[in-house]
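We name chains A, B, ... by the order of the sequence lines, and we start the count at 1 in each one.
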Amino acid sequence: MSPLSDSAAPVRVRIAPSPTGDPHVGTAYIGLINYLYARQRNGQFVLRIEDTDRTRFVPTSEAMIFDSLRWLGLNWDEGPDVGGPYGPYRQSERTEIYREHAKQLLASGHAYRCFCTAEKLEADRRQQIAAKLPPRYPGTCRALTAEQVQAHLAAGDPGVVRMCVPLEGSTTFTDELRGAITFDHHNVDDQVLLKSDGYPTYHLANVVDDHLMRITDVIRAEEWISSTPKHVLLYQFFGWELPRFWHMPLLRNQDKSKISKRKNPVSLIYYREAGYLPQAVINFLGLLGGGMPADFNHGTEKFTLDEMAQHFRHENIRTGGPVFDLTKLKWLNGEYLRALSLDDFYAALRGTILSDSYLRPIAALIQTRIELLSQFGDLTGFLLNDNTHPPESVYLPKNRTREETLAFAAEQIIALEAADWQPASIESALKRLGEDKQWSVKENFMLVRAILTGSTMSPPLVESMILFGKARSIDRLRRFLETEKKRPAPKA
RNA sequence: GGCGCUAUCGUCUAGGGGUUAGGACGUGAGAUUCUCAAUCUUAAAACACGGGUUCGAUUCCCGUUAGCGCUACCA
């Protein structure tokens, strides 16, 4: 029986990334699983942008998400940029819909307005934690009379809308990979649905949109399991049919914690700029979780997106969280590189590290610094090589210990992560840190220079960092630290 | 702390009541090569622990432990 033969009911799935920064490798992973599911059942794959958090919103993020997912070949059938019958596909353009639905819940008694201040909530929480109780909203505003609510509203206090979770009973739902999961209602908080700024929280927007967009299968990361009872309750409050839930394992760092940028490159931008091929990345992602039959093509671990769409078995996905092993990804990438024709290989080079758009700005940087064209590589090697690890004699400032230097470098990474990749912000981020920690501008910048270029002599640092890119720069700093930490301190 | 999820080599995984527990990455050794890769051969390396059920459990059940996640007017 072919995997495609049981594809009776048309399905609709979605991924719903938040534009809060660089596109995340976890988004690509969940995107892949969703994409394959839709492809196998002749369904639709929807891309929805969940931009309801104004405080974390990053304007450039959405375009990067589009580019990265397309780079990987995960094309969507409906989305903000391609349209579709259930739009708009950007949640910030749907606020009126959420408000109406919140009103509906308010009217049916499944939600209530809450005017508790942040301070009160914080105090409640602290008390509960001190008393070793689970921190939960105590339900203070459930008892508000219509008059009290009116008074708050009249005074210009919009408050928030909370869902009214039943005090008794429990909610059980089926996870397609794990079976029945039950939560007692006293462990489910009265979640805020509508924030005081008028935007919905994830929980409301997600459920409303999934229903309105006719999503049949919610395939998302494991971290959502604990909030699924809230979502199930919302579907019930509205009287809507439940989708199927598939909770995928979380990608992990080497130490098994949820994958994070502190410990791994998680930006898809990084993988592209560092020279990974999309087919290698997508293949690797498909390996995690084990949805491909072990006997596929004589047990090979190499397969294409189309082959996955043909043979992947969602119900075979393992539920243990896989460690994201860059070593294996690199091996796979090498396999794909070697399999390219020379023409394709050269074209790949010309499209990335040897592209005009990369090389020309580098030329601008060194024109005044060389006397012979043949010296081009002398000053620019660090922009073309991957391994620039400097020896201690290069990176360690006079009068600084190795420990304090490495600790400071760690701070530099954090400061740079928070910076826009513009010359002014890089400079001010580093300078601010230097002032805080009593590092002179010279020591400070020289350390970054040493780590990034492997030398104390280089083209202008900040400009070089811009050319090299944020993702790769930070990755290089992080790899330097990791290697240094593993290296035993040299005996004096 | 509470709730939930998870548990096969270092890592990704296959398997399943009786197996020499298989493959891949990585690691070691060897071959090949002017070098380095690639390639080939080869080696070491795992069923978390304790109870059941059973003639027999790594596999099924329960517990423990550990890891992870959630516990926000973030997603």
When we call it a touch if two heavy atoms are under 4.0 Å apart, what does [X] touch: a base, just sugar-phosphate, or nothing?
X: Ile181(A); answer: sugar-phosphate
X: Glu122(A); answer: nothing
X: Gly320(A); answer: sugar-phosphate

Worked verdict on Ser341(A) versus Asp343(A) for side chain to side chain donor-acceptor pair (under 3.5 Å): CA-CA 5 Å; Ser341(A) 69; Asp343(A) 279 348; 5.4 Å; no

With [atom1] as the reference atom in both, quote the distance from [N] to [M] in angstrom, rounded to an integer.
N: rU42(B); M: rC25(B); atom1: P; value: 14 Å
N: rG67(B); M: rU8(B); atom1: C1'; value: 16 Å
N: rC3(B); M: rG22(B); atom1: P; value: 40 Å
N: rG10(B); M: rA45(B); atom1: C1'; value: 9 Å
N: rG23(B); M: rU33(B); atom1: P; value: 29 Å
N: rG50(B); M: rU65(B); atom1: P; value: 15 Å
N: rC60(B); M: rU54(B); atom1: C1'; value: 10 Å
N: rA7(B); M: rU59(B); atom1: P; value: 12 Å

Does Glu301(A) make a side-chain donor-acceptor contact with the base of rG23(B), cut-off 3.5 Å?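 Looking at the base of rG23(B), it does pair with a donor or acceptor on the side chain of Glu301(A) (distance under 3.5 Å).
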
Nearest-Å distance for atom pair [atom1]/[atom2], residues [X] and [N]:
X: Trp331(A); N: rU27(B); atom1: CH2; atom2: P; answer: 13 Å
X: Phe245(A); N: rC5(B); atom1: CZ; atom2: C1'; answer: 16 Å
X: Asp295(A); N: rG22(B); atom1: CG; atom2: C1'; answer: 13 Å
X: Arg318(A); N: rC12(B); atom1: CZ; atom2: P; answer: 8 Å
X: Ile259(A); N: rU11(B); atom1: CD1; atom2: C1'; answer: 13 Å
X: Asn333(A); N: rA24(B); atom1: CG; atom2: P; answer: 20 Å
X: Leu285(A); N: rU11(B); atom1: CG; atom2: P; answer: 19 Å
X: Leu329(A); N: rG26(B); atom1: CG; atom2: P; answer: 12 Å

Gap separating the CG atom of Asp217(A) from the CG atom of Asp210(A), nearest 0.5 angstrom: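 Nearest 0.5 Å value for the CG-CG distance: 10.5 Å.
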
Just how far is it from atom CD1 of Ile15(A) to atom CD1 of Ile49(A), taken to the nearest 0.5 Å?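 Here the interatomic distance stands at 8.0 Å.
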
As a test of reading the structure: which of rA14(B), rC5(B), rC3(B) is closest to the side chain of Ile225(A), going by heavy atoms?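 Looking only at side-chain atoms, Ile225(A) lies closest to rC5(B).
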
Side chains of [X] and [Y] only: does a donor on one sit below 3.5 Å from an acceptor on the other?
X: Tyr86(A); Y: Asp209(A); answer: no
X: Tyr137(A); Y: Asp189(A); answer: no
X: Tyr35(A); Y: Arg39(A); answer: yes
X: Glu176(A); Y: His247(A); answer: no
X: Asp53(A); Y: Tyr199(A); answer: no

Letter by letter from the 5' end, nucleotides 65-75 of chain B scores (B base, S sugar-phosphate only, - none; protein heavy atoms under 4.0 Å) --SSBSSSBBB

May I ask which nucleotide in the shown strands pairs with [N], Watson-Crick or G-U wobble, both distances under 3.5 Å?
N: rU33(B); result: none
N: rA66(B); result: rU6(B)
N: rA43(B); result: rU27(B)
N: rG1(B); result: rU71(B)
N: rU59(B); result: none
N: rU54(B); result: none

From CA spacing to verdict: side chain to side chain contact (heavy atoms under 4.5 Å, CB included), His185(A), Glu168(A): CA-CA 6 Å; His185(A) 288 335; Glu168(A) 303 292 322; 5.9 Å; no

5'-most contact on RNA chain B: Pro322(A) or Thr327(A), nearest heavy atom basis?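 Mapping each residue to its closest nucleotide by heavy atoms, the 5'-most match is Pro322(A).
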
Quick one: on RNA chain B, does Lys328(A) or Asp184(A) contact a more 5' nucleotide (nearest heavy atom)?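 Between the two, 5'-proximity favours Asp184(A).
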
